[in-house]
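Written below as structure tokens is the structure these notes are about.
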Amino acid sequence: MQIVILNNSDDVASYGANIFIQQLRRKPSSVLGLATGSTPLALYRLLIGANQVGDVSFAQATSFNLDEYLGLDGQHKQSYRYFMDQQLFDHIDIDKQRTFVPPGDASDPIEACERYERQITQAGGIDIQLLGIGRNGHIGFNEPSSGLMSRTRVKTLTKATIEDNARFFSADEYQPHLSITMGIGTILDAKKVLLLATGANKAAAIKATVEGALSASCPASALQLHRNAMLVLDEAAASQLDDCDFYKHIEAENQKLQARLAKG
């Protein structure tokens, strides 16, 4: 894994947005794997700004979201389809017919999961997958104990995740305890994975991901198996890593190498 440690959350968002912009410039028809939650919001705002001034286009792109609450249709204000429309898709030049989110209102969720896997395959696979990380190390809605080679499926949310997400629901509002999520194996199929983490509340999960054992108890640790996974962290999220200075040294040397290669 490539570990990038930056000063603050604004730097993390800017770094991540630039990776997506460069991806779309290299391959305008890129297949983007997208995520919801609070972490990617600043990145999405930067992408919207870049699109509106003509620095990047999504016109040929396709997107697949990681997950969705089971039991919510796309018009529900707590659904992830609604979130993506409000926070990104409605503000950029993407064809919404090519923006895919697992169908939370599917009459046959099992078949819907299988269909989602087929759709990803038919699109040519995901070029770059954006991830956040939960306090318990979950990626997507792959909670601890998830199979490291799992595929898109229905998943029960842990109490910790339900509690973390309760802030988005009013006291009298239905909060789902089930989801449809890409599996860990599905995520690992992406050509590149970009995980963003900010804040001290993510520090323990980041330590387990980077320096812990490969284990279903920390689903994000599966990224140790990926040949092109990048973790972009602020200082707070990196604060429990044993040797931040070493990771910063590695990244500095990597940047020197990339600059040298760019010069030919």
Side-chain angles (χ1 to χ4, degrees), residues 1-6 12 15-20 22-24 26-27 30-37 39-40 43 62-67 116-117 119-121 123-153 155 181-198 202-234 237-238 240-244 246-248 250-251 253-255 257-258:
M1 289 185 289
Q2 182 179 353
I3 312 299
V4 179
I5 301 172
L6 304 172
V12 169
Y15 194 103
N18 186 60
I19 289 173
F20 269 81
Q22 294 305 316
Q23 172 67 37
L24 285 161
R26 286 193 304 271
K27 183 182 177 184
S30 290
V31 179
L32 311 175
L34 301 177
T36 54
T39 301
L43 179 149
T62 300
S63 71
F64 288 89
N65 262 74
L66 280 167
D67 44 23
Y116 205 66
E117 286 281 330
Q119 290 171 323
I120 293 171
T121 300
I126 292 171
D127 290 300
I128 179 169
Q129 177 65 60
L130 179 65
L131 297 176
I133 186 170
R135 288 186 301 127
N136 60 5
H138 76 247
I139 48 177
F141 273 137
N142 294 285
E143 301 282 21
S145 79
S146 293
L148 299 184
M149 295 307 293
S150 54
R151 311 304 299 186
T152 301
R153 68 207 189 286
K155 195 76 178 73
T181 184
M182 284 188 197
I184 296 173
T186 313
I187 292 168
L188 292 178
D189 281 347
K191 298 176 183 69
K192 182 179 181 67
V193 174
L194 174 65
L195 186 150
L196 307 183
T198 61
K202 301 298 179 66
I206 290 298
K207 179 172 175 57
T209 298
V210 176
E211 297 175 342
L214 176 65
S215 171
S217 65
C218 177
S221 69
L223 298 180
Q224 296 174 17
L225 299 172
H226 200 284
R227 64 179 182 178
N228 193 10
M230 176 185 288
L231 277 63
V232 183
L233 318 171
D234 68 1
Q240 292 189 28
L241 294 174
D242 285 340
D243 198 346
C244 286
F246 181 54
Y247 297 124
K248 291 176 180 179
I250 293 172
E251 180 57 20
E253 292 299 314
N254 180 62
Q255 292 298 326
L257 175 60
Q258 294 302 318

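Note that these values count all heavy atoms, side chains included, but never hydrogens, waters or copies made by symmetry.
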Rounded to the nearest 0.5 Å, what separation is found between the [atom1] atom of [X] and the [atom2] atom of [Y]?
{"X": "I120", "Y": "D189", "atom1": "CD1", "atom2": "CG", "answer": "8.5 Å"}
{"X": "D67", "Y": "F141", "atom1": "CG", "atom2": "CZ", "answer": "5.0 Å"}
{"X": "L24", "Y": "I19", "atom1": "CG", "atom2": "CD1", "answer": "12.5 Å"}
{"X": "I139", "Y": "L195", "atom1": "CD1", "atom2": "CG", "answer": "7.5 Å"}
{"X": "I250", "Y": "I3", "atom1": "CD1", "atom2": "CD1", "answer": "8.5 Å"}
{"X": "L231", "Y": "I5", "atom1": "CG", "atom2": "CD1", "answer": "10.0 Å"}

R153 side chain to S146 side chain, donor-acceptor N/O pair below 3.5 angstrom |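 Yes.
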To check you understand the geometry: which heavy-atom pair defines the closest contact between [X] and [Y], and what is its length?
{"X": "H138", "Y": "N142", "value": "CB-O, 3.0 Å"}
{"X": "G137", "Y": "P219", "value": "O-CD, 3.4 Å"}
{"X": "A205", "Y": "I133", "value": "CB-CD1, 3.8 Å"}
{"X": "K191", "Y": "G124", "value": "NZ-O, 3.3 Å"}
{"X": "Q240", "Y": "K207", "value": "O-CD, 3.2 Å"}
{"X": "A35", "Y": "L131", "value": "CB-CA, 4.5 Å"}

Chi angles and distances behind the side chain to side chain contact (heavy atoms under 4.5 Å, CB included) call for L194, L196 = CA-CA 7 Å; L194 174 65; L196 307 183; 4.0 Å; yes
Treating [X] as the side-chain partner and [Y] as the backbone partner, does any N or O pair qualify as donor plus acceptor under 3.5 Å?
{"X": "S150", "Y": "I184", "answer": "yes"}
{"X": "Q129", "Y": "I187", "answer": "no"}
{"X": "Q224", "Y": "M1", "answer": "no"}
{"X": "E211", "Y": "D242", "answer": "yes"}
{"X": "T181", "Y": "G140", "answer": "no"}
{"X": "D127", "Y": "L32", "answer": "no"}

Do [X] and [Y] touch side chain to side chain, with heavy atoms closer than 4.5 Å?
{"X": "Q22", "Y": "N18", "result": "yes"}
{"X": "V12", "Y": "T39", "result": "no"}
{"X": "L223", "Y": "L188", "result": "yes"}
{"X": "Y116", "Y": "T186", "result": "no"}
{"X": "L233", "Y": "Y247", "result": "no"}

Flag the pair K202 and D234 as a salt bridge only when some basic side-chain nitrogen lies within less than 4.0 angstrom of an acidic carboxylate oxygen.
->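 Here K202 does not pair with D234 in a salt bridge, since their nearest N and O are not under 4.0 Å apart.
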D243: partners by side-chain hydrogen bond (donor to acceptor under 3.5 Å, both in side chains), with sequence neighbours left out |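 So D243 forms no side-chain hydrogen bond (donor to acceptor under 3.5 Å, both in side chains) with any residue.
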Is it the case that more than 12 heavy atoms not belonging to R135 sit under 6.0 Å from its CZ atom?
->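 No - once you tally the heavy atoms of other residues, nucleotides and ligands closer than 6.0 Å, there are 12 at most.
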